[in-house]
Amino acid sequence: MTDLPKAYAPRDVEGAIYERWLEADVFAPDGAGSTADPALPTFTIIQPPPNVTGSLHLGHAQRTAVEDLMIRHARMRGQRALFLPGLDHASIAAQVVLDRMLGEEGESRNSLGRERYLARMADFVSATREVILGQQRRVGASADWGRLRFTMDERSAKAVRVAFERLYRADLAYRTEALVTWCPGCLTSVSDLEVVPTPETGTLWSIAYHLVDAAGGAVDPDPAATIIVATTRPETLLGDTAVAVHPDDERYANLVGRFVRIPFVDRDVPIIADPIVDRAFGTGAVKITPAHDRDDRETGLRHNLPAPTILADDATITQSGTAYDGLDRYAARDAIVAALTARGDLADSKSHEMVVGRCQRSGDVIEPRLKTQWFIRTAPLAERALAATRSGRTRILPERFEKTWEHWLTNIRDWNVSRQLWWGHRIPAWYCPDGHVTVTSADIGPTACDTCSRPIKDLRQDPDIFDTWFSSGLWPFSTMGWPDDTADLATYYPTSVMETGYDIIFFWVARMMMLGLELTDRVPFHTVYLSGLIRDPEGQKMSKTKGNVVDPLGLIDESGADALRFALIHGATPGNDQRLGPTKLEHARHFANKLWNATRYVLGARPSTIPAGAERRHPNPSDLGPSERWLLSRTAATITAVDRAMADHAFGEVTRLLYDAIWGEYCDWGLELAKVRLADETLPVESREATWWTLVEVLDTYLRLLHPVMPFVTEALWGSLPHRATDPDLLIVARWPIASERDTAAEMGVGTMLDLVRGIRNARAEARVEPARWLPVDIAVPETLGATFEGIRPAIERLARARPLVRVLTREALSDADPNHLAVIAGEAEALVRFTAAGQAASPESGALDRARLERELAQAEGWLAAAQDRLSSETFVARAPAAVVENARTREADLTDQVARLRERLGA
RNA sequence: GGGCGAUUAGCUCAGUUGGUCAGAGCGCACGGUUCACAUCCGUGAGGUCACUGGUUCGAGCCCAGUAUCGCCCACCA
């Protein structure tokens, strides 16, 4: 037990506590301070590794909060709970950031060269790494830092090499020339997923291609002998190798098989028929550029067309053999349009709404182009991933994302994993002068060509690196030491929950599933919990360009990590975005403050007969009063409800349940009832001690339940409470509460008494009675509630400002001879609040106000009663509804009938 | 062009297998300063649960359609 400062100061509380957890070594399931039971199943969460590109944002804080909540819950239940933290090297994202920084220094990737560039990257990454780890600690992540992994560390590098070699040997990785999505700004291929379709207004140009005469060679002298094609990218005509029309298009039927001459390059290309063409679009004739358009590539392959490349890596025109070579693609476009106009071959140009693919990182317009690169054959992998979710071996939450999952995996394209970047895992493939490919996972590389045994000095390693998501895709098992047979892999894999944002379900979750199943033959996780995105108070997505990014540390400084976590978890429903603003944080901070003060009160209310350092005792049941039993029963109910919500992954519901229980029940009623009893000198000392021990017991329980949500403040407060000999030193490893059935059943009708107090308060307020004024109250309580009433009579007196409080046995005995009273009905109990005692006069309007209140209540009760009777009068309802429902309705009808009668009686109606 | 989500009190949102589910926080109104907390206490007002049909004894909750907003996927050059 320690003294608590009067004011709740989150910063003071939180700093010290994280250090204590670290010292106690309780984060690791096998740490020195672990209290885990080896007989229980393990619970593992692998953290989605944040990118080492900068600092964390609110989305990360939300992830961490949810993951940490699950881990702390599992840990308190005695499971070996592993929260394995990590960082992602984020190759392209990191390069974009570093390149920008270098640009400001007047340097560039090329000016430094590969070696110095990577050294710079290492410096940059080690700096941001510390920032990120510091942020996670501030949020309270109880991760096992001793197991911290990095997607660029040695272990990960080995996993990448072994994974690739295995995929290669299984013919699941192959190298081929194919059309890739190329970013001319980043100078690398990127994933289809990294292309952002952007609506833009462009121009649709119609260009006349002149027919070549049947003999071939000469252009048809008739200037009208043309076919007009429509395009938004006229510069690509330099790479055209055909014109396509729909096979059923009568307009062009007689032209199919003839040739046209492509301007500037003077190449004669065939007019082909292909059903891909949409007759209704443009002119119904399409130019085909197989090297620079995905559809055209497919068409080209179907018709055996050549595919000349006419765009260089930086999107300048190249190899066209025209004067346009060397020009930027857009300069070339302008020049070509001008030249076509001059030739009289530009038939039309009009404004056109279209969707342009832009690079997610640089914003450059993507240029598809042919490259020889490495691909992962995804079809067989996707099949296994689908089987895993269909069979329920892995469950996706919320379930609706399974549709998205199904759709993407059933339409998946092979995965291009080559990137022309420097920061990342180099592809372990070597090529010999004869074109043989050697793939090895050996860390020193091959010694000779696998095929022709040429020595290593004649081999050349692929200069490319892997897509950053390739190493991320191995994350759940590479972190455990795979491909080696480690103890961790045997113990903690497959993992329990993969928590991440729904925005990377394809990038990451699907890849982990595919690679995990293929390489480990097991699902990498049993549950996928998809979080929503955090938005600003206006519902805008937070982004650096909008300038509405919020630094979690700023919020933690202001309100505390506990408040931030509570706010984030409170609003979280799986898969749904949430807005976060100041009012929600305030709400959470007020709650932490409430908890703080409630604990301070309890500590200060210790009866003097209990020594300060006393060990915790269970009060003797016979010393408990009705309010204690009620409180214990409510607590047991809360435990049950929280357990259920936790099992449903309804974490927002958990916070709501605890907020209501702690504030609305424990503080508003539990403490107020206890105050009276603790001050009652007429009670035996054992009773007063039992009251206090009950307050401690219940508070202890709520602190445990709340700990996964608000770890710091609960740890601090719990440390100040008396404990049992069997309790550990720290709440983080204390046991999760178990609801007792005995407690659950012990409500004793206290709820009705509290309703009566509420009713009296309401009546007094409505009648504009001064709150502090004591008024005599006569109360009728049925025999069944008699003992309860007598047990908390002093509290009712004080809370209802009722004095003297006279109990009568029957309602009939409530004398209403004096019209100066307020009538209150609550369940089976009833009360009359009198104005005329001790020379106090009623205000003239009080009676009228009270009458108006009663009439309102009567009207409402009559309405409900009518509805209830209506329902019961329906034969089909009685016949078809479940018996319990009908029974319920009958009870309700009886209660309402009684209530209506009593209200009428009081109104004299 | 497909798919998904949202639409509940002035604002932000809960509402878990259809039967006291019409709720919370903030805001608002009225009233409260000794003894945990003004980061507080008490009381109250506010909603045809987007719209239209349907299923059912009974529908924010299930089905169909409509509207508005948002997201994802997609080869209309």
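Sequence lines set the chain letters: A, B, ... in the order given, protein chains first and strands last, and positions in each chain run from 1. Computed over heavy atoms, backbone and side chain alike; hydrogens, waters and symmetry mates excluded.
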*Nearest 0.5 Å please: distance from the CD atom of A/Glu558 over to the CZ atom of A/Arg11.*
11.0 Å

*asked:* Could you tell me how far B/C13 sits from B/A9 if I compare only their P atoms? Round to whole Å.
replied: 12 Å

_Glycosidic conformation of B/G70, taking syn as within 90° of 0 and anti otherwise_ = anti

_Any side-chain N or O of A/Arg413 below 4.0 angstrom from OP1/OP2 of B/C75?_
yes

*asked:* Would you say CZ of A/Arg644 has more than 12 non-hydrogen atoms from neighbouring residues, nucleotides or ligands within 6.0 angstrom?
replied: no

*How close or far is atom C1' of B/A74 from atom CG of A/Asp278, stated in whole angstroms?*
15 Å

*Report yes or no: does A/Thr389 contribute a side-chain atom to a donor-acceptor pair with the main-chain N or O of A/Leu386 at less than 3.5 Å?*
yes

*Could you give the CZ-to-P distance, from A/Phe281 to B/C75, as a whole number of Å?*
15 Å

*Counting any heavy atom closer than 4.0 Å, what does A/His352 reach on the DNA or RNA strands: base, sugar-phosphate only, or nothing?*
sugar-phosphate

*asked:* Between B/U48 and B/A22, how many Å separate the two C1' atoms, rounded to a whole number?
replied: 12 Å

*So what does A/Glu672 hit on the nucleic acid, given a heavy-atom distance under 4.0 Å: a base, only sugar-phosphate, or nothing?*
base

*Minimum heavy-atom distance between A/Leu799 and A/Trp669, given as atom pair plus value*: CD1-CZ3, 3.9 Å

*Looking only at atom P, what distance separates B/G27 and B/U39, rounded to whole Å?*
12 Å

_Rounded interatomic separation in angstrom, taking CG from A/Asp295 and P from B/C75_ = 7 Å

*So does A/Arg395 have more than 12 non-hydrogen atoms from other groups sitting under 6.0 Å from CZ?*
no

*asked:* Walk me through whether A/Thr236 and A/Lys287 qualify under side-chain hydrogen bond (donor to acceptor under 3.5 Å, both in side chains).
replied: CA-CA 9 Å; A/Thr236 62; A/Lys287 57 192 275 314; 2.6 Å; yes

_With the 90 degree cut-off around zero defining syn, does B/G65 come out syn or anti?_
anti

*Under 3.5 Å, is there a donor-acceptor pair linking the side chains of A/Trp205 and A/Asp348?*
no

_Would you measure the distance from the C1' atom in B/C37 across to the matching atom in B/A50 and give it in whole Å?_
42 Å

_Euclidean distance, atom CD of residue A/Glu586 to atom C1' of B/G27 [Å, nearest integer]_ = 12 Å

*Secondary-structure stems for RNA chain B, with pairs counted as Watson-Crick or G-U when both distances are under 3.5 Å and runs at least 3 long*: B:1-7 with B:67-73, B:10-13 with B:23-26, B:28-32 with B:40-44, B:50-54 with B:62-66

*Between A/Asp660 and A/Tyr666, do the side chains contain an N or O donor and an N or O acceptor separated by less than 3.5 Å?*
no

*Figure out the CG/C1' separation between A/Leu658 and B/A24, and round it to whole Å.*
15 Å

*If you measure from the C1' atom in B/A14 to the same atom in B/A24, how many Å do you get, rounded?*
7 Å

_Give me the atom names and distance for the closest heavy-atom approach of A/Val878 to A/Arg890._
CG1-NH2, 3.9 Å

*Find the distance A/Arg853:CZ to B/C30:C1' and express it as a whole number of Å.*
16 Å

*Report the residue from A/Val269, A/Asp240, A/Ile272, A/Asp296 that forms a side-chain contact (heavy atoms from CB on, under 4.5 Å) with A/Leu305.*
A/Ile272

*Looking only at atom P, what distance separates B/G18 and B/C62, rounded to whole Å?*
8 Å

*Is a donor on one side and an acceptor on the other found under 3.5 Å between the side chain of A/Asp249 and the backbone of A/Val245?*
no

*Under 4.0 Å between any heavy atoms, over every strand shown, what does A/Leu204 touch: base, sugar-phosphate, or nothing? Just pick one.*
nothing

*A/Asp274 side chain to A/His246 side chain, donor-acceptor N/O pair below 3.5 angstrom*: no

*When the distance from OH of A/Tyr502 to P of B/C72 is rounded to whole Å, what number comes out?*
8 Å

_B/U8 versus B/C49 - spacing of their C1' atoms, nearest Å_ = 4 Å

*Below 3.5 Å, does any donor atom in the side chain of A/Lys675 face an acceptor in the base of B/A36, or the other way round?*
yes

_Would you measure the distance from the P atom in B/U16 across to the matching atom in B/C26 and give it in whole Å?_
23 Å

*Pair A/Arg677-A/Asp680, salt bridge (Lys or Arg N to Asp or Glu O under 4.0 Å): steps then yes or no*: CA-CA 5 Å; A/Arg677 204 168 145 90; A/Asp680 190 345; over 6 Å; no

*In whole angstrom, give the distance that lies between atom CG of A/Asp192 and atom P of B/A74.*
7 Å

*Touch class at under 4.0 angstrom, heavy-atom based, for A/Lys287 against every strand present*: nothing

*Counting side-chain heavy atoms from C-beta on, which of B/C73, B/G25, B/G19 comes nearest to A/Phe506?*
B/C73

*asked:* Looking at A/Ala285, is its backbone amide N or carbonyl O close enough to the side chain of A/Arg279 to form a donor-acceptor pair, meaning the two atoms are under 3.5 Å apart?
replied: no

_For nucleotides 40-46 of chain B, give me one character per nucleotide, 5' to 3': B if any protein heavy atom sits under 4.0 Å from the base, S if the only such contacts are to the sugar-phosphate, - if neither._
SSSSS--

*Using a cut-off of 4.0 Å between protein heavy atoms and nucleotide atoms, how would you tag nucleotides 3-17 of chain B 5' to 3' with B, S and -?*
-SS------SSS-B-

*State which of B/C37, B/A77, B/G19 makes the closest approach to the side chain of A/Val885.*
B/G19

_Residue closer to the 5' end of RNA chain B, A/Ser874 versus A/Leu671 (nearest nucleotide)_ = A/Leu671

